[in-house]
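Comments concern the structure below.
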Amino acid sequence: MKELTPIKIPLSIKGKTHQAILYVMPDYFSIGTNEDYLRIPMTPILAQKIADHLHFMLPTTKIVDLIYQNAPIKLKPSPLAYGPDMVTPQKFLQHNQIIAKQLTTLQDNQRTLISGHKKDIVISNRLYSQLRQVAIYGWHRKNGRPIQPLSLVHNNEYADYSHGLRLISRFILLDGEKIAMEKVLQDPELAPFFSSEGIMPLTRIPQTTHKNLSSKRTVLPSTKNL
């Protein structure tokens, strides 16, 4: 996971062709060793703290799409039975084992961009008005359409087996020039290539908790919202 994967993205701005290179983790954030590891779901609050500590960013929905489109390995989504145990370590491990089984026939997959097997924790302008929620998106089918459209149904203390953290570099190369991703997402000409929400003033996940709420218990939504 320390060896980032470059994604080449052709851009056309004012009739001129440019090339951007975006650097992303080849798989979702894991704990363990190369031989024994677990893709670990987490709250968006923890995800942002990890990103800050490692000097990375979280993706936008558009970047999640770009990762899937450019991934040589596109895994089939594997939903587990819906229920309250979705948030347990047992389900985290079960889902990780399903992913591992899909990868057993593939060689050198640790260095290859892999997508389709998790929903991403993402940044979104909608977090401006929904500070205490988690924004999730992805889990693409083979037709390129995600099972999970951008959703802020869950609060930001929630994480289930299907969530994953994929970090991206804080900069891109645009025609060989290093440009900060924050600047890219706030540029009227560049932002549409990396954001489905237009310009993104908010490029970090708000670190607001639910300590002021009377209960921290998560109420699971109806399956139609998953």
request  = Indicate yes or no: at least one non-hydrogen side-chain atom of L202 is less than 4.5 angstrom from one of I123.
outcome  = no

request  = Test V122 against I63 for side-chain contact (heavy atoms from CB on, under 4.5 Å), laying out the working first.
outcome  = CA-CA 9 Å; V122 296; I63 289 175; over 6 Å; no

query = Hey, are the side chains of I21 and K8 touching, using non-hydrogen atoms and a 4.5 Å cut-off?
reply = yes

inquiry  = Using modelled atom types and a 3.5 Å cut-off, is there a donor and acceptor pairing between side-chain atoms of N70 and backbone atoms of L66?
reply    = yes

query = Sequence neighbours excluded, which residues qualify as side chain to side chain contact (heavy atoms under 4.5 Å, CB included) partners of P72?
reply = T112, L113

task = Would you list the pairs meeting salt bridge (charged side-chain N to carboxylate O under 4.0 Å, His left out) in which at least one residue belongs to residues 87-103, sequence neighbours left out?
result = D85-K91

message = Please evaluate residues M25 and T5 with respect to the criterion side-chain contact (heavy atoms from CB on, under 4.5 Å), reporting the C-alpha separation (whole Å), side-chain torsions for both, the decisive distance (0.1 Å), and the verdict.
response = CA-CA 6 Å; M25 284 177 56; T5 301; over 6 Å; no

remark   = side chain to side chain donor-acceptor pair (under 3.5 Å) filter on S78, not counting sequence neighbours, yields Q102

query = Is there a side-chain contact between L174 and L11, using heavy atoms and a 4.5 Å cut-off?
reply = yes

message = Counting C-beta onward and ignoring hydrogens, is there a side-chain heavy-atom pair between R166 and K118 closer than 4.5 Å?
response = no

key: A100: side chain to side chain contact (heavy atoms under 4.5 Å, CB included) partners, not counting sequence neighbours   = none

task = Go through the steps for I9 and Q19 under the test side-chain contact (heavy atoms from CB on, under 4.5 Å), then give the verdict.
result = CA-CA 6 Å; I9 306 167; Q19 185 179 76; over 6 Å; no

key: Main-chain N/O of V87 paired to D160 side chain as donor or acceptor, under 3.5 Å   = no

query = Does the side chain of W139 come within less than 4.5 Å of P146's, by heavy atoms?
reply = no

Identify every side-chain donor-acceptor pair in residues 189-200 under 3.5 Å, counting partners at least two apart or on other chains, and give the distances.
{"residue": "E189", "atom": "OE2", "partner": "K14", "partner atom": "NZ", "Å": "3.0"}
{"residue": "S195", "atom": "OG", "partner": "E197", "partner atom": "N", "Å": "3.0"}
{"residue": "S195", "atom": "OG", "partner": "G198", "partner atom": "N", "Å": "3.3"}
{"residue": "S195", "atom": "OG", "partner": "G198", "partner atom": "O", "Å": "2.8"}
{"residue": "E197", "atom": "OE1", "partner": "S124", "partner atom": "OG", "Å": "3.0"}
{"residue": "E197", "atom": "OE1", "partner": "N125", "partner atom": "N", "Å": "3.1"}
{"residue": "E197", "atom": "OE2", "partner": "S124", "partner atom": "OG", "Å": "3.2"}

query = Closest heavy-atom contact between Q133 and L127?
reply = O-CD2, 3.5 Å

query = Under a 4.5 Å cut-off applied to non-hydrogen side-chain atoms, are D27 and M1 in contact?
reply = yes

note = Taken to the nearest 0.5 Å, the spacing of M181 CE from M57 CE works out to 6.5 Å

key: Rounded distance (nearest 0.5 Å) linking atom CD1 of I121 with atom CD1 of I205   = 6.5 Å

query = Does any non-hydrogen side-chain atom of N155 lie less than 4.5 Å from one of R132?
reply = no

inquiry  = Can you see whether D65 engages Y137 through a side-chain donor-acceptor pair at a distance of less than 3.5 angstrom?
reply    = yes

ask   = Which residues satisfy the side chain to side chain donor-acceptor pair (under 3.5 Å) test with Y161, sequence neighbours excluded?
value = none

message = Please determine whether residues L150 and L131 belong to a single hydrophobic cluster, defined as Ile, Leu, Val, Met, Phe, Trp and Tyr linked transitively by side-chain heavy-atom distances below 4.5 Å.
response = no

Shortest non-hydrogen separation from M86 to G83 and the atoms involved = CG-O, 3.0 Å

key: All side chain to side chain donor-acceptor pair (under 3.5 Å) counterparts of E177, not counting sequence neighbours   = none

key: Set of residues satisfying side chain to side chain contact (heavy atoms under 4.5 Å, CB included) with respect to D36, sequence neighbours excluded   = T33

query = Under the 3.5 angstrom rule, does the side chain of N96 hit a backbone N or O of Y37 as a donor-acceptor pair?
reply = yes

query = How far does CG of L54 sit from CZ of F29, to the nearest 0.5 angstrom?
reply = 6.0 Å

task = Answer with yes or no whether the hydrophobic clustering places L38 together with L80; edges join I, L, V, M, F, W, Y residues whose side-chain heavy atoms lie under 4.5 Å apart.
result = yes

task = Please name all residues satisfying side chain to side chain contact (heavy atoms under 4.5 Å, CB included) with L46, sequence neighbours left out, ordered by chain then number.
result = M42, T43, I50

ask   = If you take all heavy atoms of A47 and L58, which pair is closest and at what distance?
value = O-CD1, 4.0 Å

ask   = Closest heavy-atom contact between P26 and E3?
value = CD-O, 3.6 Å

task = Decide yes or no for Y28 and I99: does some side-chain heavy atom of the first lie under 4.5 Å from some side-chain heavy atom of the second?
result = no

request  = Return the set of residues passing side chain to side chain donor-acceptor pair (under 3.5 Å) with Q130 (not counting sequence neighbours), or none when no residue passes.
outcome  = none

ask   = Looking at NZ of K142 and NZ of K76, how far apart are the two atoms once the value is rounded to the nearest 0.5 Å?
value = 9.0 Å

key: Selection residues 54-81 - residue pairs positive for ring-ring contact (aromatic ring centres under 6.0 Å, His included), sequence neighbours left out   = Y68-H140

key: Evaluation steps, side-chain contact (heavy atoms from CB on, under 4.5 Å), between Q186 and T203   = CA-CA 9 Å; Q186 294 167 8; T203 58; 4.1 Å; yes

inquiry  = Using the salt bridge (charged side-chain N to carboxylate O under 4.0 Å, His left out) criterion, which residues pair with R170? Sequence neighbours excluded.
reply    = D52

Heavy atoms of other groups near R204 CZ, more than 12 under 6.0 Å = yes

